[in-house]
Amino acid sequence: MSNSEKEIINVKTGRSHYEIIIGRNIIDNAFEEVLHDYKDYTIVIITDSNVQRIYENNIIQKLNNKEGVYILSFKAGEESKNRKTKEFLEDRLFELGLGRDTLIIALGGGVTGDLAGFIAATYMRGVPFIQIPTTLLSQVDSSIGGKVGIDHPTGKNLLGAFYPPNKVYIDIDFLKTLPNEEIINGIAEIIKAAIIQDSELFRYLESNIDRVINLEKGYIEKAIISSLKVKAKVVESDEKESGLRKILNFGHTIGHSIEVLSNFELSHGRAVGIGMAVETIIAQKIGILKNEEKERIFRILNKSKLLDKPFKGSADEIIKKTSLDKKSRKGIAEYSLIKGIGFAVYGIKVEEEIVRDSLVEMGFL
Ligand code: ADP
Ligand code: ZN
């Protein structure tokens with residue numbers, strides 16, 4: 001992909017069809033296109049305080065001066081992904097007197113996308129919605145697939161909807177201002193995509209993970225586009241997670257427990273990194289994954305520094321949390337595992353003893 005080139009991925013499901021446009025420095029063009037496509041609409045860009053500050057002088061100011069374009073922002077961070085912020089933003093929309101001819105654009109990371117998407121899903125029973133994800137995690141994962149929502153004190157993402165975007169614009173240049181820790185956070189989902197569905201991407205990462213992490217030209221593009229293709233394909237075949245979509249949960253049963261038990265001190269990516277390690281051991285222990293493939297997975301997780309910040313929890317508390325996971329059926333945790341690199345399987349019930357042994361092997365005593 002050369003400098004001005006764009007890649008387009010189509011996502012077609014039973015209920016929606018949208019394009020994901022990927023490239024570098026495409027943001028100005030994207031806004032021009034949106035202003036043209038939605039010329040009869042009022043455009044509301046929802047962003048967080050960090051993104052607003054960083055992009056104030058170029059992107060945001062240019063748009064703010066346009067008629068019929070509003071920028072609304074909220075305090076950056078997961079703590080804002082709640083009913084209060086939703087209410088605050090909705091009140092602004094009503095104060096502006098906006099009706100159904102409103103386009104909502106999410107400009108930011110996963111928090112912005114989930115929150116703005118949920119507002120778009122419910123404002124006036126639904127208005128058009130565009131995602132412009134600015135973190136690696138949101139570019140490869142949360143901005144597509146149509147899951148939107150907010151947190152409740154009981155747990156994360158418990159209030160929400162399936163509301164696919166009308167379009168997704170991924171400008172890789174946004175990643176230049178992203179802190180390294182946020183890159184690591186997104187790398188986990190790229191590795192996951194490779195492990196569950198794309199052995200060619202996995203081999204590519206084995207040779208080039210450092211270049212991808214350093215956002216080198218060509219390498220980061222390849223990693224993002226390939227992971228998006230995996231996610232698009234899975235979402236297309238199962239939008240609402242009754243079957244195949246569950247393979248996207250590889251690493252997440254254990255990962256989610258660890259993330260919660262760490263009180264979210266551990267990022268989603270790091271928790272999923274550890275989760276993938278444990279679930280890889282489980283797959284090997286139940287005899288579906290060869291030892292040499294397990295070793296390849298561990299090498300890549302280590303190389304990308306995902307296992308560098310160990311979480312000190314006990315195997316028992318992690319297991320207890322997995323059976324409370326909202327994805328589990330009747331209290332029994334089901335796992336999405338792999339029987340080889342690129343071959344995921346889902347709905348696997350694993351004996352607690354095996355889970356415990358695997359956690360112990362990872363140092364959780
Ligand atoms: P996620 O990791 O799910 O995308 P957030 O939306 O909270 O979660 O984004 C993570 C952090 O990165 C937030 O503090 C956000 O303000 C910040 N952020 C988002 N995009 C950028 C960017 N392009 N450059 C710098 N910081 C960013
Ligand atoms: Zn995830």
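Remember, predicted model here, so these are calculated numbers, not experimental data. Read the numbers this way: they start at 1 and go in the same order the structure lists the ligands and their atoms.
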Between the side chains of R92 and E95, is the shortest nitrogen-to-carboxylate-oxygen separation below 4.0 Å, so that they form an ion pair?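 Salt bridge between E95 and R92, a charged N being under 4.0 Å from a carboxylate O: yes.
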
Taking 4.0 angstrom as the limit, do K233 and E236 come out as a salt bridge?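 No, this pair does not count.
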
Would you check if the side chain of S257 reaches a backbone N or O of T322 as a donor-acceptor pair within less than 3.5 Å?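 Such a contact is found between S257 side chain and T322 backbone.
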
Check whether NZ of the Lys or CZ of the Arg K62 lies under 6.0 Å from the centre of the six-membered ring of F31 and within 45 degrees of that ring's axis.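 The answer is no; the distance or angle limit is not met.
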
Looking at every heavy atom in both I60 and Q52, which two are closest together, and how far apart are they?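 Residues I60 and Q52, closest heavy atoms: CD1-CA, 4.1 Å.
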
Using heavy atoms and a cut-off under 4.0 Å, could you grab the residues that are in contact with ligand 1, chain by chain, numbers ascending?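 The 4.0 Å shell around ligand 1 contains D48, N50, V51, I54, Y55, A76, G109, G110, V111, T134, T135, L137, F174, T177, L178, E182, N185.
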
Given the Zn ion (ligand 2) as the apex, I'd like the angle to NE2 of H268 and OE2 of E189, rounded to 10 degrees.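 Taking the Zn ion (ligand 2) as the apex, I get 100° for this pair.
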
What do you reckon, is CD of E78 surrounded by more than 12 foreign heavy atoms closer than 6.0 Å?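 Atom CD in E78 is crowded, with more than 12 foreign heavy atoms closer than 6.0 Å.
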
The Zn ion (ligand 2) to nearest N/O/S of D141 below 2.8 Å: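 Coordinating: no.
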
Any side-chain donor near an acceptor of the partner, R53 and N50, under 3.5 Å: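 Short answer, yes.
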
